[in-house]
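Here's the structure, in structure tokens; my notes come after.
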2 protein chains.
Amino acid sequence: MGTNAARTDYHHGDLRSTLVLAALEMLEAGEPFSLRAVARRAGVSTAAPYRHFADREALETALAVHGLRELTSDLAAGTDPLVSAVEIGELAVGYVRFALRRPALFRLMFGRACDDQDDDRVRAARALHDYLEAVMTEIFPQSDPAPLATAGWSLAHGLAFLHLDGKLPSTDPVAIDERVRSTFAAVLPPAARPGIEEP
Amino acid sequence: MGTNAARTDYHHGDLRSTLVLAALEMLEAGEPFSLRAVARRAGVSTAAPYRHFADREALETALAVHGLRELTSDLAAGTDPLVSAVEIGELAVGYVRFALRRPALFRLMFGRACDDQDDDRVRAARALHDYLEAVMTEIFPQSDPAPLATAGWSLAHGLAFLHLDGKLPSTDPVAIDERVRSTFAAVLPPAARPGIEEP
DNA sequence: GCATAATGTTAACATTGCTTACATTATCGG
DNA sequence: CCGATAATGTAAGCAATGTTAACATTATGC
């Protein structure tokens with residue numbers, strides 16, 4: 001109990017998870033999202049969520065953590081044995097697809113300042129960054145991976161947001177995938193060849 | 001008048017501009033922003049803004065248009081005779097600086113879907129895109145400028161947002177500038193040399 | 001000058017985030 | 001096994017917000 005209250009089985013039975021789930025469903029459905037609406041959907045009183053989240057922002061942080069983890073595992077699962085530079089483009093395609101598939105969640109994850117007080121959130125964000133850096137290290141063993149990871153993440157992130165905002169044409173999903181690939185190709189073509197022996 | 005009501009001089013004297021200005025000041029000051037608060041600051045009743053903006057979103061769209069124009073002219077003024085590929089990095093530095101200097105405004109400009117109904121907003125967004133494409137055309141005359149413009153914009157945009165969100169360390173402004181430069185250098189090094197004769 | 005449309009005001013409604021006081025029930029020490 | 005206690009949920013209410021409707025006022029065109 002106390003800090004580690006995650007599996008408790010009280011009046012409602014792990015209301016906290018229920019609330020997060022309800023909020024995720026509402027985000028997915030594109031419905032506007034409010035603490036009261038979430039409580040309603042969970043079949044619980046207006047004030048009940050405040051037993052589990054300090055305020056609205058705390059719920060949003062929990063949702064962001066969920067999204068960050070899902071995105072990270074999505075990317076890792078999509079292209080597991082990263083070998084060629086081409087696959088970086090595929091990684092970016094996965095990133096942009098995630099953003100367009102879950103626009104509201106994506107905006108929650110990246111739309112506001114990272115809550116540095118929340119350990120879970122900081123960890124989840126760093127896990128994503130570390131994964132990208134590891135991939136870059138594997139693909140470009142002779143270059144400094146840090147700027148490459150920053151570049152790759154920023155590029156994918158910018159593509160995701162600009163498509164989300166309608167700043168780049170975003171009607172045809174196939175065209176989007178192609179644009180992401182060609183953008184990465186335009187920028188990372190003189191990459192290291194695969195199969196380089198480790199130094 | 002009618003649609004072109006911009007310079008009218010009624011009871012208050014161009015309340016519309018006053019509201020936009022008041023809202024911008026509040027954004028700049030980091031204050032939370034509400035229609036009522038804007039009306040209060042403009043010294044006008046709660047319902048007055050509805051004579052000039054259909055709803056809150058309409059005001060936000062006006063602010064976004066303002067911000068897009070300012071950003072575009074900022075960039076164009078900062079580096080006027082674009083010549084070398086290095087300057088693209090400087091362009092990105094200006095972009096990221098703008099985002100960090102006006103975080104709330106930047107989020108308004110790019111945080112939600114581009115209101116395709118609003119001609120001003122569509123035009124302002126396209127003007128920015130066209131400017132970037134023109135720069136790319138000038139610098140890389142032999143390459144297809146479209147993917148390069150997309151890549152440059154996305155990269156700068158992603159850097160801006162990741163810094164804004166605290167996903168990349170954002171305490172020291174000088175370090176940020178340097179990171180933006182090195183990121184662009186890591187990705188656009190084999191650029192065309194300056195001084196290429198026009199084809 | 002006067003009809004009329006443009007602009008601003010007052011008052012109200014529904015919804016929201018949040019708090020306070022209270023009710024209920026799980027858990028634990030005896 | 002039982003009662004104290006803390007964890008959890010509820011009811012009611014406050015202040016703020018977006019929005020609208022009904023009304024007042026002033027500028028503008030005939």
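Quick caveat, the model's predicted, so the values are computed rather than measured. Here is the naming used below: chain letters follow the sequence lines, and residue numbers restart at 1 for every chain.
Residue pairs satisfying the salt bridge (charged side-chain N to carboxylate O under 4.0 Å, His left out) criterion with at least one member in residues 167-177 of chain A, sequence neighbours excluded, are listed as follows: A:R97-A:D177. Applying the salt bridge (charged side-chain N to carboxylate O under 4.0 Å, His left out) rule to pairs touching residues 51-66 of chain B yields B:R56-B:E60, B:E60-B:R112, sequence neighbours excluded.
Not one side-chain nitrogen or oxygen of A:H52 sits closer than 4.0 Å to the OP1 or OP2 atom of D:dA7.
Applying the side chain to side chain contact (heavy atoms under 4.5 Å, CB included) criterion to A:A37, with sequence neighbours excluded, gives A:M26, A:S34, A:R40. Checked against side chain to side chain contact (heavy atoms under 4.5 Å, CB included), A:A149 has the following partners two or more places apart in sequence or in another chain: A:E133, A:M136. Listed by chain and number, the residues in a ring pair (Phe, Tyr, Trp, His ring centres under 6.0 Å) with B:H129 are B:W153 (sequence neighbours excluded).
Between A:F53 atom CZ and D:dT8 atom P the separation is 12 Å, expressed in whole Å. Computed from coordinates, the A:E60 CD to C:dT16 P distance equals 14 Å when rounded to whole Å.
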Checklist entry - What does nucleotides 15-23 of chain D look like as a protein-contact string, B for base, S for sugar-phosphate only, - for none, at under 4.0 angstrom between heavy atoms? => result --BBBBBB-
